[in-house]
Amino acid sequence: MTRDLTIAEVRLTPILVADPPLLNTQGVHQPYTPRLIVELVTADGVTGLGETYGDTKYLELARPLAERLIGRSVMDVNGLFRIDLDVDESRVQGEVDAGGLRGVQSADKLRLSVLSAFEVACLDAQGKALGLPVHALLGGKVRDAVEYSAYLFYKWDRHPAGVPAEPDPWGAALDPAGVVRQARRLQELHGFGSFKLKGGVFPPDEEIAAVRALAEAFPGHPLRLDPNGAWSVETSLKVAEELGDVLEYLEDPTLGTPAMAQVAAGTEVPLATNMCVTTFGEIREAFTKDAVQVVLSDHHYWGGLRSTQRLAAICAAFGVGVSMHSNTHLGISLAAMTQVAATVPDLHHACDSHYPWQSEDVLTERLVFEGGRVAVSDAPGLGVELDRGELDRLHRRWTEDDGSLRDRDDAAALRRAEPGWRTPVMPRW
């Protein structure tokens, strides 16, 4: 029987999802973070799911795109990327994207971050219609489970006074002992074997001490430190020297390819990035200058799962390692990450994931980490099912918000506790 895979309906549901008070160099996470859930419904009733950032600037692009998809086939993924999206340049300042700490904002990255959710939804619908998992549509899996790293954060025990959130059950982590306690709990709950600390929060010596404490608590386990470009070249080299015997890699210690190249030339510690290589146009300079040794892909702003495979192939050609970056995300995105990661042959580093920090989801069943890994689903599509009741509940939270939480702003969240806080000038140290 021939199926009619014409797109008959597109549902866009912005939601607000609970987020703990996690600290980074820009500020602190708000009590709720915006996400956008995409549903593509075909003429014969197949629904494909996608997920991406839910801030206003993404919604403003997603809505007209949704209207233009009616009548197209979910099989025409190439055609999806030929649709011209009118990006409001005034919404893109060319500065570091503080909301996701994912490098310099650009019109193209904004466009691809929207298209990626629709590409994933198309692939999910294709898989469901054909009875195939997404990894089969991408060429087939090369592993049955994908390894993830425990994502450690300095954090408060609650959000600042005056915001609608309960005290956080994880408690505070503001010193080496707190970071180690957090790591032990994540390992006990999910079996993680590697650990990444989000740095750039405290002076480098304090973060060096935290990584040293992790090395003592978890001898032989891969460790990573990511200050999101908060350090100068000199400080980056100092940290690399002091932690060179325990770091798997140092992620974005300083901003920009030229500065990263200086650091790379002065240390044998591999440098990873999700800030200076975030588009295909940035690859040439970074790779020819040997500025990075590991690229952390993110299918959201690289433009989807097929672009992730393309990036991985380019990295392999240059002898550059590849893994995956994570921002605050739900299970649809984790399922998509896992499906594409299963198809990448040279994936030698555990992927990042915020998912253990998210207490809410829109799926009928949460994805599970066992031994730090997520099993690759062989069910049709992404292998996940939408919980309509939870989706509606989280959407009501979005509709009832006064607008103050619909755009992620870590600096504004920190100003609730420190009224004089301003986004730091980089490098901070």
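Bear in mind that the values here come from a model prediction, so they are computed numbers and not experimental data.
Side-chain N or O atoms of R366 include none that pairs as donor or acceptor with a backbone N or O of G331 at under 3.5 Å. With hydrogens and angles ignored, the 3.5 Å screen pairs no side-chain donor or acceptor of D124 with any backbone N or O of G127. Judged by distance alone, with hydrogens and angles left aside, the side-chain atoms of E119 form a donor-acceptor pair with the main-chain N or O of L305 at under 3.5 Å. In this structure a side-chain-to-backbone donor-acceptor pair under 3.5 Å is missing from R428 to A230. Using a distance-only test at 3.5 Å, with no hydrogens or angles considered, no donor-acceptor pair links the side chain of T278 to the main chain of N274. Judged purely by atom type and a 3.5 angstrom limit, Q30 uses its side chain to pair as donor or acceptor with the backbone of D409. Within the 3.5 Å criterion, the main-chain N or O of W231 finds a donor-acceptor partner in the side chain of T254. In this structure a side-chain-to-backbone donor-acceptor pair under 3.5 Å is missing from E39 to R11. Side-chain atoms of R111 never come within 3.5 Å of backbone atoms of V87 as a donor-acceptor pair (strictly under, hydrogens ignored). Judged by distance alone, the side chain of R143 and the main-chain N or O of V344 form a donor-acceptor pair under 3.5 Å.
Annotation: cation-pi geometry not satisfied between R224 and F195 (NZ/CZ under 6.0 angstrom from ring centroid, within 45° of ring axis).
Judged purely by distance below 3.5 Å, without hydrogens or angles, the side chains of H300 and T52 never pair a donor atom with an acceptor atom. When only modelled atom types and interatomic distance are considered, D378 and H135 share a side-chain donor-acceptor pair under 3.5 Å. Between the side chains of T273 and D252, at least one donor N or O lies within less than 3.5 Å of an accepting N or O. Between the side chains of N327 and D298, no donor N or O sits under 3.5 Å from an acceptor N or O. Checked by atom type, the side-chain pair E51/S333 shows a donor-acceptor distance below 3.5 Å. Residues E60 and T56 have side chains that never bring a donor and an acceptor to within less than 3.5 angstrom of each other. Residues S106 and D108 bring no donor and acceptor atom of their side chains to less than 3.5 Å of each other.
Using a 4.5 Å cut-off on side-chain heavy atoms (C-beta onward), C276 and E282 make no contact. In this structure, the side chains of L5 and Q126 stay at 4.5 Å or more apart for every pair of heavy atoms. By the 4.5 Å heavy-atom criterion applied to side chains, T399 and R396 are counted as neighbours. The closest side-chain heavy-atom distance from T47 to L49 is below 4.5 Å. Under the 4.5 Å side-chain criterion, counting only non-hydrogen atoms from C-beta, Y58 is in contact with S113. Looking only at side-chain heavy atoms (C-beta outward), L85 and L115 come within less than 4.5 Å of each other. In this structure, T328 and W357 have side chains that are not in contact, with every pair of non-hydrogen atoms separated by 4.5 Å or more. Between F118 and V10, the closest side-chain pair of non-hydrogen atoms falls below 4.5 Å.
Listed by chain and number, the residues in a side-chain contact (heavy atoms from CB on, under 4.5 Å) with A125 are V46, V74 (sequence neighbours excluded). With sequence neighbours left out, the side chain to side chain donor-acceptor pair (under 3.5 Å) criterion links S307 to no other residue. Checked against side chain to side chain donor-acceptor pair (under 3.5 Å), H349 has the following partners two or more places apart in sequence or in another chain: E248. Considering only residues two or more places apart in sequence or on other chains, Y355 meets the side chain to side chain donor-acceptor pair (under 3.5 Å) condition with D361.
Interatomic distance, CD of Q26 versus CH2 of W421, reported as 8.0 Å (0.5 Å rounding). The CD1 atom of I37 sits 4.0 Å away from atom CD1 of I332, with the distance rounded to the nearest 0.5 Å. Taken from CZ in F153 to CG in D226, the straight-line distance is 9.0 Å, to the nearest 0.5 Å. Interatomic distance, L223 CG to S149 OG, rounded to the nearest 0.5 Å: 8.5 Å. Taken from NZ in K196 to OG in S326, the straight-line distance is 8.0 Å, to the nearest 0.5 Å. With values rounded to the nearest 0.5 angstrom, T338 atom OG1 is found 12.0 Å from K141 atom NZ.
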Checklist entry - Could you walk me through whether W156 and L22 pass the side-chain contact (heavy atoms from CB on, under 4.5 Å) check? => result CA-CA 7 Å; W156 293 336; L22 309 177; over 6 Å; no

Next on the checklist: Under the criterion side-chain contact (heavy atoms from CB on, under 4.5 Å), I'd like the reasoning laid out for V146 against C351: C-alpha separation, chi angles, the key distance, then a yes or no.
Outcome noted: CA-CA 8 Å; V146 173; C351 301; 4.1 Å; yes

Checklist entry - Given L80 and L69, is the side-chain contact (heavy atoms from CB on, under 4.5 Å) satisfied, shown in steps? => result CA-CA 8 Å; L80 170 67; L69 287 179; 3.8 Å; yes

Next on the checklist: Show, in sequence, the C-alpha distance, side-chain angles and deciding distance for L138 and R306, and conclude whether the side-chain contact (heavy atoms from CB on, under 4.5 Å) test is met.
Outcome noted: CA-CA 7 Å; L138 297 174; R306 301 185 313 159; 3.9 Å; yes

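Ring to ring, H159 and Y32 are not that close: their centroids are 6.0 angstrom or more apart. H299 has its ring centre no less than 6.0 Å from the ring centre of W302.
Aromatic ring orientation, H325 versus Y301: tilted (interplanar angle from 30° to 60°).
Between K198 and the choices L23, N228, L152, the side-chain contact (heavy atoms from CB on, under 4.5 Å) rule is met once, by N228.
A pairwise comparison of heavy atoms in L382 and A336 identifies CD2-CA, 3.9 Å as the closest pair. Between G27 and L414, the shortest heavy-atom contact is CA-CD2, 3.9 Å. Contact detail for V120 and G50: the closest heavy-atom pair is CG1-CA, 4.2 Å. When all heavy atoms of V292 and V320 are compared, the pair lying nearest together is O-CG2, 4.2 Å. For the residue pair S236 and P253, the shortest heavy atom distance occurs at OG-CB, 3.3 Å. The shortest heavy-atom contact between M260 and A272 is CE-O, 3.7 Å.
For Q309, the CD atom is densely surrounded, since the number of other residues' heavy atoms within 6.0 Å is greater than 12. Open room surrounds CD on E216; 12 or fewer heavy atoms of other groups in view lie less than 6.0 Å from it.
Using a 4.0 Å cut-off between charged nitrogen and carboxylate oxygen, R35 and E360 do not count as a salt-bridge pair.
Listed by first and then second residue, the side-chain hydrogen bond (donor to acceptor under 3.5 Å, both in side chains) pairs that reach into residues 170-191 come to none, sequence neighbours excluded. For residues 61-71, the set of pairs meeting the side-chain hydrogen bond (donor to acceptor under 3.5 Å, both in side chains) definition, not counting sequence neighbours, is empty.
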